[in-house]
Every structure is written in C-alpha cells, then in structure tokens.
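Reckoned from all heavy atoms, side chains included, excluding hydrogens, waters and symmetry mates. Just so we're on the same page: letters track the sequence lines, and every chain starts at 1.
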Number of protein chains: 2
Amino acid sequence: MATSARQGPYFCGIDAAMDVVTGKWKSLILWELQEHGTRRFAELRRGLPGVSEKMLVQHLREMEEDGLVDRKVYPVVPPKVEYSLTEHGVSLNAALESLAGWGQARIERIGADKISVEAA
Amino acid sequence: MATSARQGPYFCGIDAAMDVVTGKWKSLILWELQEHGTRRFAELRRGLPGVSEKMLVQHLREMEEDGLVDRKVYPVVPPKVEYSLTEHGVSLNAALESLAGWGQARIERIGADKISVEAA
DNA sequence: TGCGGTACTCACCCGAAGGTGAGCACCCCC
DNA sequence: GGGGGTGCTCACCTTCGGGTGAGTACCGCA
C-alpha cells in the first residue's frame, strides 16, 4: 500500500528525510502550505499546475500520516477540507531552505528554465 | 538516456536540488565521498552495502555530469579510477546537513530502525 | 593454470510511481 | 434543469528506476 510502509530502516538522517519528501509534488505542497498557511484542496490543485487529483490526494494522505500536514474536514454540505502544516511540517520546510538555496544557485549556474509559480 | 536530460524547468530551488539528489544511493555516495575524501570504485561499492554495480556507475556518471563529483582515471594496467567531491558536491552536502538533522530527529521520533554504516 | 580483483558495459526483467478518465453525492447559480 | 464546483475514490495503463546476471581485457598470485 502507499499508506505507511515507509519508516523502513535508514542509513542516515538524509534517508529518513528523503523518504518523507520524495514524491513529485511533496516539496511543492510543503512550499504552498508554508506560503499560504491554510489551503483548501481545490486551492492546492490550482496552485500546483499539472498535478493530478489522485496524486494530490495520495501525497496529502502520506504527509498527514507522516505528521507533516494537518487535515481539517468541515462536515458541510459542499465538502470543505482545509490543509495546513504541522510543526513538523514547518520545521521540515525550514530544513529544506538551505537546500532550496543550493538549488537556486544551481539553476543560475546552469541557466535552467524556471516555471514561475508566484505569478499567475 | 539517463545521461543528462535533467535540467528541466523547475518550480523552485528545491526541485533543482532534488533533481540532483534523487536516486536511491546518491545521498549516500555524497556522504561516503565527504567522509573519505577520495574513493575508488570498488571502495564505494563496499562502502554502500546492497548497491549494484550498474546503479553505482550510473549514479556516479550523473553526478559527474551534474558537477558534483570528480572522476580521475589512471591509465594503469589494472584499471584505477578515483572519485572525489567537487566544490559543488561539498556545498550540496553542507546544504543537506540541516535536512539530515531533521531526518535524524524524525528517526528518533518514530523509533525507526537504522542501518549502521559507520560500523563494519 | 585458473581464480580473484579492477572498472566497467549490456540485455533483460520487475515493481512502484505517476498519469488518465470515469464516477459520485450534493449543492448553487444561471 | 443542467452545468460547474466541492473532495474525493476506483480501475487501468504507461513509464522509469532499479536489480540480476552475464561478459570483458588485463593483471597478480597461489
């Protein structure tokens, strides 16, 4: 199953962090939630151009299981679900910041294209 | 091809860093080279229990292309090749350190098993 | 003389990650 | 009253990462 089955034996901390962060969209979800504080499902979908609903649900479930995001369901008539970062999610994001800096430098070094997310 | 074809458009720095670091053994290779400075192919293989030769070669080639490792071939009669980190490799490792710290904390939090590498 | 080591390459296979498209239960708005 | 939005689930399919095992050219050592 996709749910759980993680938490395998690790070689080192990197392994453990990677385990939680790998997945095409997870770091982006983390970022999106960090930026906006709280987002509804459809807002996240719109914020991550190209993500499929299935993957978004799946990643969110895994991240919830890993204690990174908080899922709050409002039992209202048009469904409403809000996602936000837990303290672990916030600290993971902080830990990713130096990596983001390195990646940014790499982008400039190799002159890769960048998809602007902040616009639109 | 596995070689190049990376450097696709990125959403953010994390993407770019992840692109370079994903691969089952890459972070371990980074770590191993950081610890030992310079390693021969067979030394790396022995240092990473479970890695297949194919994956080791493949990852090393990609990391060489990405400018993370330096490959020095000695044209001697029993082949001799030495791998070491470039400055970019070293700085990537530094950027990974906070992530490693987070992962370490997570390991302790969830009480996961850990494969000891420093022993043996 | 033949086995093991050195640093690989090549061909093949498997399973998981991720994408596609449909359906659902209920509502509001035009 | 039907089209669109809300948050999903399910089934199917493709792609790709990674593993397996063989082969290679040459050597040193027992």
Side-chain angles (χ1 to χ4, degrees), chain A residues 1-8 11 15 18-29 32-33 36 38-66 69-84, chain B residues 1-8 11 15 18-29 32-33 36 38-66 69-84:
Chain A
M1 300 308 112
T3 55
S4 83
R6 257 183 320 289
Q7 315 183 344
F11 285 94
D15 257 37
M18 282 300 172
D19 201 15
V20 135
V21 122
T22 47
K24 201 171 177 186
W25 305 96
K26 287 202 182 162
S27 54
L28 281 319
I29 293 174
E32 187 76 7
L33 288 177
H36 299 273
T38 283
R39 298 238 95 181
R40 299 186 54 177
F41 184 83
E43 289 174 334
L44 279 172
R45 194 185 351 126
R46 281 191 291 264
L48 306 173
V51 73
S52 63
E53 296 198 344
K54 176 194 146 193
M55 286 318 299
L56 189 50
V57 173
Q58 188 176 308
H59 282 169
L60 284 169
R61 288 287 140 81
E62 289 179 16
M63 292 167 80
E64 193 193 352
E65 266 203 34
D66 291 333
V69 308
D70 205 33
R71 183 165 174 268
K72 196 182 269 174
V73 183
Y74 297 85
V76 291
V77 101
K80 173 168 175 177
V81 182
E82 281 184 351
Y83 294 93
S84 55
Chain B
M1 301 305 109
T3 55
S4 85
R6 256 182 324 289
Q7 315 185 346
F11 285 93
D15 257 37
M18 281 301 172
D19 200 17
V20 135
V21 122
T22 48
K24 201 171 176 183
W25 305 97
K26 285 202 184 163
S27 52
L28 281 318
I29 293 173
E32 186 76 8
L33 288 178
H36 299 273
T38 283
R39 298 238 93 180
R40 299 186 55 178
F41 184 83
E43 288 173 334
L44 279 172
R45 198 192 341 135
R46 282 190 289 264
L48 307 173
V51 73
S52 63
E53 297 198 344
K54 175 195 147 192
M55 286 316 300
L56 189 51
V57 174
Q58 189 176 309
H59 282 169
L60 284 169
R61 287 287 138 83
E62 289 178 15
M63 294 166 79
E64 192 192 352
E65 267 202 34
D66 290 333
V69 309
D70 205 35
R71 183 165 175 268
K72 196 181 268 173
V73 184
Y74 297 84
V76 291
V77 103
K80 172 169 176 174
V81 182
E82 279 185 351
Y83 295 92
S84 56

Closest contact, heavy atoms only, B:L60 versus B:I29: CD2-CG2, 3.9 Å
Side chain of B:A42 (C-beta onward), nearest among C:dA7, D:dG18, C:dC8: C:dA7
Partners meeting salt bridge (Lys or Arg N to Asp or Glu O under 4.0 Å) with A:R46 (sequence neighbours left out): none
Residues forming a side chain to side chain donor-acceptor pair (under 3.5 Å) with A:R40, sequence neighbours excluded: none
Touch class at under 4.0 angstrom, heavy-atom based, for A:Y83 against every strand present: sugar-phosphate
Sub-3.5 Å pairs of nitrogen or oxygen atoms, protein against nucleotides 27-30 of chain C:
none

Any N/O pairs under 3.5 Å between the protein and nucleotides 19-24 of chain C? List them or say none.
| residue | atom | partner | partner atom | Å |
| --- | --- | --- | --- | --- |
| C:dG19 | OP1 | A:K24 | NZ | 2.7 |
| C:dG19 | N7 | A:K54 | NZ | 3.0 |
| C:dG19 | O6 | A:K54 | NZ | 2.3 |

Listed partners of A:K80 passing salt bridge (Lys or Arg N to Asp or Glu O under 4.0 Å), at least two apart: A:E82
Under the side chain to side chain donor-acceptor pair (under 3.5 Å) test, residues paired with B:R71 that sit two or more places apart: B:Y83
Nearest-nucleotide pick for B:R40, side chain only, options being C:dA7, D:dT6, D:dC8: C:dA7
Side-chain N or O of A:R46 closer than 4.0 Å to phosphate OP1/OP2 of D:dG7: no
Any side-chain heavy-atom pair of A:M18 and B:V21 under 4.5 Å: yes
